Amino acid sequence: MDRSEAVSIPSPPIRGESLIGYLIRVADTNCYESSGWILSLAGLTYATMKPSTWKKGLPALAYALQQPLEEISRLAPLNTVEGNHSKVLIENGEMISRYFLKWPTKEICSQCARESGYLSAAWDLRFVTHCPKHGCKLRSTCSECDEEAGYSRTTVDFCSCMDFQEWNKPTISEAHVGLLRLLSNKFVGTDFRADKYGFPEELKQASLREAIETIVLLGSSLHIGGRVDGRGYCRMSEDRVIAQVATAADALADWPQGFMRYLGKLIVPIDNYSGSSFFAERFARLYHCAESNQSQFPTIFRGFEECLGLLAKGKLQSLVGKVAPKPGRHKWLACGSDARVCLRVGKSTLSRLMRKGMLKTIAVRRGQSVQRFVTHESIEAYLDLKRRLIGIKSAAYMLSVSLHTLKTLVKAGFLTPYHSPDLDGHHSWQFDKDVLAGFLHELEESLEEQSSDPVQLVAAVRKYNKQGLSYVKLLDMIRNGEVELLMYSQTERGFLKFGVDPTALKKIFGNEAAVEYDPV
């Protein structure tokens, strides 16, 4: 070709066309042997694809193509708008992170290229790994002969042997295709129908930047990697990108049921917790991010509000979790160190309380290990319980029995301590005062009408202790109706206030003389 300052046959850009695709199409129109010849007019080469280098050569390139500079500038993400070059201005006037773009890309949909006659700028978007129209994977090699696509080619479809049917097979879910179509509409102005996928209105009305960042946040909550600004995608494999977009698509389609199912995947079941389910750390982190940035992630925030509202009312069946934040509470998790400070316990005690289910915990899987967080509700509940806990001596005094008798009552199943060495490995016995008071109240409710002068329980046990009478046996006899429980005194405490009919005991144990024994 004779070198000149401009192409012989100019052609205006097509709406939604990429810059590389435009150069290829103009080279084909002018019957050039390589689209790189057009670049040489502006002092550019395909060997140097740095956006900054190309941005400097855009005026000369626009002159060579005989097009206004504005028309050429909008075809590629070269217009950085911040000092650190982290943001670019795209064709629709929005600013997005340049890390969401993989410009320039060789991957295309051959069928779209043949049908439309140009290469879409939507394929430069990092999330668009499949064709929004046909659902097939974008490729840089021929599916038949493995011919590699080159930037310097002069045909939009790089290989003439391409089998049409090979490209017409969707390889991703319908929801995934729908999300790509929504992005294409926002990015290059296509008019794909996106109503049938059930996307939320907030997402359909959102800007491209909001939609992309929503996808990043949802995808990275299940798959590690991918910051909201897109920096992580520069080093992320394509398979991982596909997995993240697929996850976000499933969460956003069929709204809000899809989002509820997505949140269900953030719940981690722990084998040692009697089959209960606990919220993972990523659930709380995602909620906190959405709540703190409601204007940036309105879709996710509304989904959480609906989910937590149903959960608080007990109407959500897909998330059968017993841990739920109180209305208006956003910070509802405490790490282990904070929980120990609140409860004033050591690591071993906190682990024991978690292991025995006395504290509701959130489990986070990290490799082979599990880290647990404690809910504020369970911390408050245990602090309230600690105010009611008393030692074994105080419990025995409250019941007016000896320590041996108290332990015998526990062994017989009449009383249950909250802590004990045998129960949960606690170093000492501790009882809930409310439980002890409830036990005494239960006995009072079973009192019979007093028809004779009763003998005090402690005196009855002392009198017939030699014949095998103990508090345990006496309580069993009362429960079985063999002996009636009577009120001995209204002013005494514990068992000292109760008595029994001495005549009934005499019939059972005889009329032997009382023998003095220490209280049991």
Side-chain angles (χ1 to χ4, degrees), residues 13-26 35 39 44 46 48-55 57-58 61 71-81 85-113 116-134 136-141 149-153 156-158 176-177 179-190 192 207-209 211-213 215-216 226 229-238 241-242 244-245:
I14 301 173
R15 179 188 178 189
E17 188 174 26
S18 69
L19 178 57
I20 301 298
Y22 176 55
L23 294 175
I24 293 173
R25 187 171 59 81
V26 172
S35 60
L39 291 179
L44 298 172
Y46 282 123
T48 306
M49 301 296 284
K50 292 179 60 177
S52 57
T53 303
W54 277 52
K55 182 181 179 181
L58 281 183
L61 183 61
E71 287 291 312
I72 304 303
S73 298
R74 67 180 177 81
L75 295 181
L78 303 173
N79 298 298
T80 54
V81 293
H85 305 291
S86 63
K87 298 289 191 301
V88 294
L89 187 66
I90 58 177
E91 184 177 355
N92 64 6
E94 287 188 57
M95 291 184 296
I96 66 172
S97 171
R98 65 182 177 89
Y99 301 105
F100 292 127
L101 297 159
K102 52 182 178 180
W103 186 90
T105 180
K106 293 182 180 180
E107 289 79 9
I108 70 168
C109 173
S110 184
Q111 187 168 341
C112 280
S116 62
Y118 69 93
L119 303 183
S120 174
W123 301 336
D124 291 336
L125 193 61
R126 196 173 294 275
F127 287 154
V128 182
T129 57
H130 292 68
C131 175
K133 183 177 182 180
H134 302 108
C136 58
K137 196 173 185 305
L138 303 181
R139 304 184 186 181
S140 61
T141 58
Y151 291 122
S152 60
R153 67 184 188 273
V156 292
D157 184 10
F158 56 85
H176 195 160
V177 173
L179 187 57
L180 295 183
R181 290 181 176 180
L182 189 64
L183 291 177
S184 178
N185 290 345
K186 296 178 181 296
F187 189 25
V188 296
T190 51
F192 290 118
S207 65
L208 175 66
R209 179 176 179 176
I212 290 176
E213 291 177 346
I215 294 172
V216 174
D229 63 1
R231 292 177 184 268
Y233 288 95
C234 295
R235 299 176 299 275
M236 194 178 296
S237 66
E238 186 179 69
V241 174
I242 294 173
Q244 290 205 12
V245 179

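Computation of the quantities below employed the complete heavy-atom set of this structure, encompassing side-chain atoms and omitting hydrogens, waters and symmetry-equivalent molecules. Remember, it's a predicted structure, so these values are computed and weren't measured experimentally.
Val128 and Lys102 get closest at one heavy-atom pair: O-NZ, 3.7 Å. For the pair Thr53 and Leu44, the tightest heavy-atom approach, listed with the atom from each and the gap, is O-CD2, 3.8 Å. Across all their heavy atoms, Gln244 and Val216 have their closest contact at OE1-O, 4.3 Å. The minimum heavy-atom distance linking Pro132 with Trp123 is given by the pair CD-NE1, 4.3 Å. Looking at every heavy atom in both residues, Val156 comes nearest to Arg153 through O-NH2, 3.4 Å. Across Ile108 and Asp157, no two heavy atoms sit closer than the pair CD1-CA, 4.5 Å.
Residues Arg126 and Tyr233 have side chains that never bring a donor and an acceptor to within less than 3.5 angstrom of each other. Using modelled atom types and a 3.5 Å distance limit, the side chains of Asp124 and Ser18 yield no donor-acceptor pair. Using a 3.5 Å distance cut-off with no hydrogens or angles, the side chains of Ser184 and Thr190 do pair a donor with an acceptor.
Within the 4.5 Å cutoff, no side-chain heavy atoms of Lys87 are placed close to those of Glu94. Ile90 places none of its side-chain heavy atoms less than 4.5 Å from the side chain of Phe100. Counting only heavy atoms from C-beta outward, the side chains of Ile212 and Leu125 approach each other to under 4.5 Å. With contacts defined as side-chain heavy-atom distances shorter than 4.5 Å, the pair Val245/Thr129 does not qualify. By the 4.5 Å heavy-atom criterion applied to side chains, Cys109 and Cys136 are counted as neighbours.
Counting only distance, with no hydrogens or angles, the side chain of Gln111 and the backbone of His134 share no donor-acceptor pair below 3.5 Å. Panel note: side chain Arg15, backbone Gly189; a donor-acceptor pair is recorded below 3.5 Å. Looking only at distances, no side-chain donor or acceptor of Tyr22 sits under 3.5 Å from a matching main-chain atom of Ile72.
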Problem - side chain to side chain contact (heavy atoms under 4.5 Å, CB included) assessment of Val177 paired with His130 - result: CA-CA 8 Å; Val177 173; His130 292 68; over 6 Å; no
Practice task
Please step through side chain to side chain donor-acceptor pair (under 3.5 Å) for the pair Ser35 and Tyr46, ending with a clear verdict.
Solution key: CA-CA 9 Å; Ser35 60; Tyr46 282 123; 2.9 Å; yes
Practice task
Could you please spell out the steps behind the side chain to side chain contact (heavy atoms under 4.5 Å, CB included) verdict for Ile20 and Leu119?
Solution key: CA-CA 8 Å; Ile20 301 298; Leu119 303 183; 5.5 Å; no
Practice task
Go through Leu101 and Phe187 one step at a time and tell me if the side chain to side chain contact (heavy atoms under 4.5 Å, CB included) criterion holds.
Solution key: CA-CA 11 Å; Leu101 297 159; Phe187 189 25; 3.8 Å; yes
Handout entry: Verdict with supporting geometry, Leu19 and Trp103, side chain to side chain contact (heavy atoms under 4.5 Å, CB included)
Key = CA-CA 10 Å; Leu19 178 57; Trp103 186 90; 4.2 Å; yes
Problem - Stepwise side chain to side chain donor-acceptor pair (under 3.5 Å) check, Arg231 with Tyr99 - result: CA-CA 6 Å; Arg231 292 177 184 268; Tyr99 301 105; 3.0 Å; yes
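Geometrically, Lys133 does not engage Phe192 in a cation-pi contact defined by less than 6.0 Å to the ring centre and at most 45° from the axis.
Here the straight-line distance linking atom CZ of Arg181 with atom CG of Asn185 works out to 9.5 Å at 0.5 Å rounding. Between Lys186 atom NZ and Ile96 atom CD1 the span is 13.0 Å, to the nearest 0.5 Å. Atom-to-atom distance recorded for Ile14:CD1 and Ser120:OG is 11.0 Å, nearest 0.5 angstrom. Annotation: the span from Phe127 atom CZ to Leu180 atom CG amounts to 10.5 Å, rounded to 0.5 Å.
Ionic pairing of Arg25 and Glu17 is present here: one or more N-O contacts between side-chain nitrogen and carboxylate oxygen are shorter than 4.0 angstrom.
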